[in-house]
Protein chains: 2
Amino acid sequence: MNKTEMKTTTMRGRPAITDAKRQRMRNEIANIAKQLFQDEGYTTISMRRIAREMGCSPMTLYQYYNAKIDILRTLWSDVFNELFDELEVVSRTHTNMLHCLGITYVQYWLDHTEYYRLVFMTDGVNQSDVSTFIDSPELVQRFSVFALAISGSFSEKIEPEELKLKLDAFLCFLNGIAHNQITISGYSWADPDKMVAMAVSAVTD
Amino acid sequence: MNKTEMKTTTMRGRPAITDAKRQRMRNEIANIAKQLFQDEGYTTISMRRIAREMGCSPMTLYQYYNAKIDILRTLWSDVFNELFDELEVVSRTHTNMLHCLGITYVQYWLDHTEYYRLVFMTDGVNQSDVSTFIDSPELVQRFSVFALAISGSFSEKIEPEELKLKLDAFLCFLNGIAHNQITISGYSWADPDKMVAMAVSAVTD
DNA sequence: CCTTTTTATTATACGCGTATAATTTATTGA
DNA sequence: TCAATAAATTATACGCGTATAATAAAAAGG
């Protein structure tokens, strides 16, 4: 029997915050933080600063998020959902699906480098990474558009382990293209679309 | 006329530290820091702790390094040179050069994830970008082992722009493989060697 | 009303990286 | 020997993330 269930019976003491209220507060914090992170960068913005903008004390933020990094994590999922919405549109409207998916995926990050930095380049040295939420079931589910596109590009049925290899490699290649363009921006990279084309043929041949 | 040149003429005031002495001090700090970083991790170890082990005040470290991250950068630079030394050995001793180069390159980063994070995942907004380092002439020079291996894998001469495309794509793919393994560590990725093999065939076919 | 209980919120404190101010040290010219 | 000077070193201070302690707020029971 957990606390939310206890709520139904009468209880002494100040009542715990409603789930709805809690969620509204989380959203408010996330929205303010998103704006600040995008404008001035994750490391530049402090919890004290977010609190000031919220009109609360710094420690109140910890009532709604375990840590500063957790606020960022919430923003990550928003970003991914937007991206995958685009990808699903592509998967329904294009015939040479894989190539278009690749282009869309890479181009999305190149068009939103600040998001890319938010998701894949959070302060390097500590060990908290993106995988904790990439592993969330609903996101794993979303990645299946790539798997379907790959298996769809073959006439005969493809073995699961070979599909996994192709899928993983394809995702690595796409991320690598985006990542190098963004992090090594001083170097004049070859056309991303052509590199995506190479990634596609590596997976479909 | 700079300060080192001024040293030759007589000057008032406490003399600046010798280059040799400065280098000895840098080495001493680096050695202590390397041990501590390896034992307890970069984030865990503080400048105050390093100073304590050195028997000096925290701020004295800043006489020899601009920032904590610069100490790590120095350590990384050493190991990075070792990577390219390895790669050059590989390029001289193996026939299927490209595949071995790829394996070596990726495996290096997987063996030194903390250095990967340092170089490729530093928050680009607030300070030094990877490209400033990657663009340094001696490092660009080092990357040519990949270009040579690619052009060497074709019997007839390859056009420069096509070579560039293949080289850039190959580097993107390799970095992507390493990057995804490191940043999305919770996901069980396909065998890196097999993905490298796909990257190789994408470039050589 | 007032106490009791439980939760939300805020205050305080710690160690961090490091900018800047203060101090010590090593040298030269008088 | 003794100021003057310049570099090395150290002390102090700031804002940071956040753990923990203190306080305020909201409900129920007397």
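Numbers restart at 1 for each chain; the letters A, B, ... are given by sequence-line order, proteins then strands. Only heavy atoms go into these numbers, but all of them, side chains included; no hydrogens, no water, no symmetry mates. Every value quoted in this text rests on a predicted model; they were computed, and no experiment measured them.
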Please identify each residue that fulfils ring pair (Phe, Tyr, Trp, His ring centres under 6.0 Å) with Phe84(B), with sequence neighbours left out.
-> Phe80(B), Phe143(B)
For Tyr108(B), what residues pass the ring pair (Phe, Tyr, Trp, His ring centres under 6.0 Å) criterion, not counting sequence neighbours?
-> His112(B)
Hits for salt bridge (Lys or Arg N to Asp or Glu O under 4.0 Å) against Lys34(B), two or more places apart or cross-chain, chain-then-number order -> none
Any side-chain N or O of Ser57(B) under 4.0 Å from OP1/OP2 of dT10(D)?
-> yes
Side chain Trp189(B), main chain Ile184(B), donor-acceptor under 3.5 Å = yes
Exercise answer: donor-acceptor pairs, residues 195-205 of chain A side-chain atoms, under 3.5 Å, sequence neighbours excluded:
unit_1    : atom_1 : unit_2    : atom_2 : d
Ser201(A) : OG     : Ala197(A) : O      : 3.4
Ser201(A) : OG     : Met198(A) : O      : 3.0
Thr204(A) : OG1    : Val200(A) : O      : 2.9

Residue pairs passing the salt bridge (Lys or Arg N to Asp or Glu O under 4.0 Å) test where at least one lies in [range], sequence neighbours excluded:
{"range": "residues 75-90 of chain B", "result": "Asp85(B)-Arg142(B), Glu88(B)-Arg142(B)"}
{"range": "residues 183-199 of chain A", "result": "none"}
{"range": "residues 166-179 of chain B", "result": "Glu162(B)-Lys166(B), Lys164(B)-Asp168(B)"}

How would you label the contact of Tyr64(A) with the nucleic acid (heavy atoms, under 4.0 Å): base, sugar-phosphate, or nothing?
-> sugar-phosphate
How would nucleotides 22-30 of chain C be written as a contact map, 5' to 3', with B for base contact, S for sugar-phosphate-only contact and - for no contact, using protein heavy atoms under 4.0 Å?
-> ---BBBBS-
When you check every protein heavy atom under 4.0 Å of nucleotides 12-21 of chain C, what one-letter string (B, S, -) results, 5' to 3'?
-> -B--BBBBB-
Asp19(B) and Arg22(B) ion-paired at < 4.0 Å | no
Mind grabbing the angle between the end helix axes of the helix from dC1(C)-dG30(D) to dA30(C)-dT1(D)? Five pairs an end, 10° rounding.
-> 50°
What closest approach, in Å, do Leu75(A) and Ala30(A) show between heavy atoms, and which atom pair accounts for it?
-> CD2-O, 3.7 Å
Is the Lys NZ or Arg CZ of Lys68(A) less than 6.0 Å from the centre of Tyr42(A)'s six-membered ring, within 45° of the axis?
-> yes
Under 3.5 Å, is there a donor-acceptor pair between the Tyr105(A) and Asn175(A) side chains?
-> yes
Nearest whole angstrom, please: distance from the P of dA8(D) to the NZ of Lys21(B).
-> 12 Å
If a pair satisfies side-chain hydrogen bond (donor to acceptor under 3.5 Å, both in side chains) and one of its residues is in residues 48-58 of chain B, list it, with sequence neighbours excluded.
-> Glu40(B)-Arg49(B), Arg49(B)-Glu53(B), Ser57(B)-Thr60(B)
In residues 22-29 of chain B, which residues come under 4.0 Å of DNA chain C by heavy atom?
-> none
